[in-house]
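This structure is a prediction, so every number in the text was calculated from the model and none was measured. Order of the sequence lines sets the chain letters (A, B, ...), proteins ahead of strands, with each chain counted from 1. These numbers come from the heavy atoms of this one structure, side chains and all, not from hydrogens, waters or symmetry mates.
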Number of protein chains: 2
Amino acid sequence: MSNDLDPVFKALADPSRRRLLDALFERNGQTLGELCGQLDMTRQAVTKHLVLLEEAQLVAVVWRGREKLHYLNPVPIHAIAERWIGKFERQRLTALGDLKKALEEDHDA
Amino acid sequence: MSNDLDPVFKALADPSRRRLLDALFERNGQTLGELCGQLDMTRQAVTKHLVLLEEAQLVAVVWRGREKLHYLNPVPIHAIAERWIGKFERQRLTALGDLKKALEEDHDA
DNA sequence: TTGACATGCAACCCGAAGGTTGCATATTGA
DNA sequence: TCAATATGCAACCTTCGGGTTGCATGTCAA
């Protein structure tokens with residue numbers, strides 16, 4: 001399994017791509033055509049977004065005849081949650097405390 | 001509190017900015033100059049990255065004389081974990097199941 | 001077998017993003 | 001008071017990202 005989260009963060013940075021993930025969350029296994037119906041752009045633009053999602057392994061593809069079915073792969077999101085967000089979540093209250101304290105000291109001065 | 005996660009996703013998309021967050025994670029409250037020492041680019045470039053982090057509310061700033069102290073604000077990361085990642089994590093096994101099943105059916109055909 | 005359908009590929013356009021350099025401003029401490 | 005320090009502001013350059021259009025390819029169904 002890849003250990004590089006960068007393509008995942010990049011893929012998640014665009015609202016249209018998050019929207020595609022949401023669409024697959026609503027109904028998994030949609031075709032390209034179906035996904036196009038939910039975004040206000042050309043099929044080619046949607047294809048490009050899906051390519052990025054595939055490269056980040058957020059979406060997996062299965063061909064059925066001439067149709068391309070898209071499936072959500074939750075593993076990279078899980079990896080981000082585990083390896084990245086978890087770290088900050090663990091120190092959350094400490095960081096908030098630092099911030100509060102700094103603001104108070106600033107007020108004094 | 002802002003409810004818009006887009007600037008947060010955008011801010012997290014760049015490796016240099018994630019690195020800055022990591023640096024503040026290591027030692028909270030660093031000055032601009034200190035943060036510059038940890039990235040291989042000009043001070044102005046670092047400033048630009050920090051502006052994006054501030055706009056996403058991931059970093060809060062306190063001025064102490066001529067020094068600008070940077071503090072981690074864990075709230076937006078928490079928001080992403082709660083409102084966005086949590087949703088996918090909850091359906092994680094279901095999505096993996098869909099994917100596995102689709103791959104098997106593809107194999108049959 | 002053929003036309004309609006689902007998708008791929010490639011060139012192109014434009015604005016945004018990341019970086020640089022140069023200069024201005026404010027604070028500090030000797 | 002003045003030089004060094006810490007930072008801001010603005011113009012500029014190049015690359016990348018998101019979007020389009022046009023055409024090619026492969027599959028299905030009548």
- Working to the nearest 0.5 Å, report the span between OG of Ser16(A) and CG of Leu35(A). 12.5 Å

- Query: Are the side chain of Arg17(B) and the backbone N or O of Ala11(B) linked by a donor-acceptor pair below 3.5 Å?
  - Reply: yes

- For Trp63(A) and dC28(D), what is the distance between atoms CH2 and P respectively, to the nearest whole Å? 11 Å

- Item | Sidechain N-carboxylate O distance under 4.0 Å for Glu55(B), Lys10(B) | no

- Query: Rounded to the nearest Å, what distance is computed from the CG atom of residue Asp6(A) to the P atom of nucleotide dC16(D)?
  - Reply: 14 Å

- Message: Applying side-chain contact (heavy atoms from CB on, under 4.5 Å), can you list everything that pairs with Ala13(B), at least two apart in sequence or on another chain?
- Response: Ala13(A)

- Query: NZ of Lys87(B): more than 12 outside heavy atoms within 6.0 angstrom?
  - Reply: yes

- Query: Would a hydrophobic clustering, with Ile, Leu, Val, Met, Phe, Trp and Tyr connected at side-chain separations under 4.5 Å, put Leu52(A) with Trp84(B)?
  - Reply: no

- Looking at CE of Met41(A) and NZ of Lys48(A), how far apart are the two atoms once the value is rounded to the nearest 0.5 Å? 11.5 Å

- Query: Please give, in whole Å, the distance from dC28(D) P to Lys68(A) NZ?
  - Reply: 17 Å

- Can you tell me the distance, in whole Å, between the CG atom of Leu53(A) and the P atom of dG17(D)? 14 Å

- When rounded to whole Å, the CZ to P distance for the pair Arg18(A) and dG17(D) reads 16 Å

- Would you kindly give the CG-to-P distance between Leu69(A) and dA6(C), to the nearest whole Å? 13 Å

- When rounded to whole Å, the CG to P distance for the pair Leu52(B) and dA16(C) reads 14 Å

- Message: Would a single hydrophobic cluster contain both Val51(B) and Leu24(B), if residues Ile, Leu, Val, Met, Phe, Trp and Tyr are joined by side-chain heavy-atom contacts under 4.5 Å?
- Response: no

- Task: Identify whether any heavy atom of Leu50(B) sits under 4.0 Å from a base atom; if not, whether one sits that close to sugar-phosphate; answer base, sugar-phosphate or nothing.
- Result: nothing

- Task: Treat primed atoms plus P, OP1 and OP2 as sugar-phosphate and everything else as base, then score nucleotides 19-30 of chain C 5' to 3': B for base contact with protein heavy atoms under 4.0 Å, S for sugar-phosphate contact only, - for none.
- Result: BBBB----BS--

- Heavy-atom contacts under 4.0 Å between residues 23-39 of chain A and DNA chain C, which residues? Thr31(A), Leu32(A), Gly33(A)

- Under 3.5 Å, is there a donor-acceptor pair between the side chain of Asn73(B) and the main chain of Gln57(B)? yes

- Task: Mind calculating the distance between NZ (Lys10(B)) and C1' (dG17(D)) to the nearest angstrom?
- Result: 11 Å

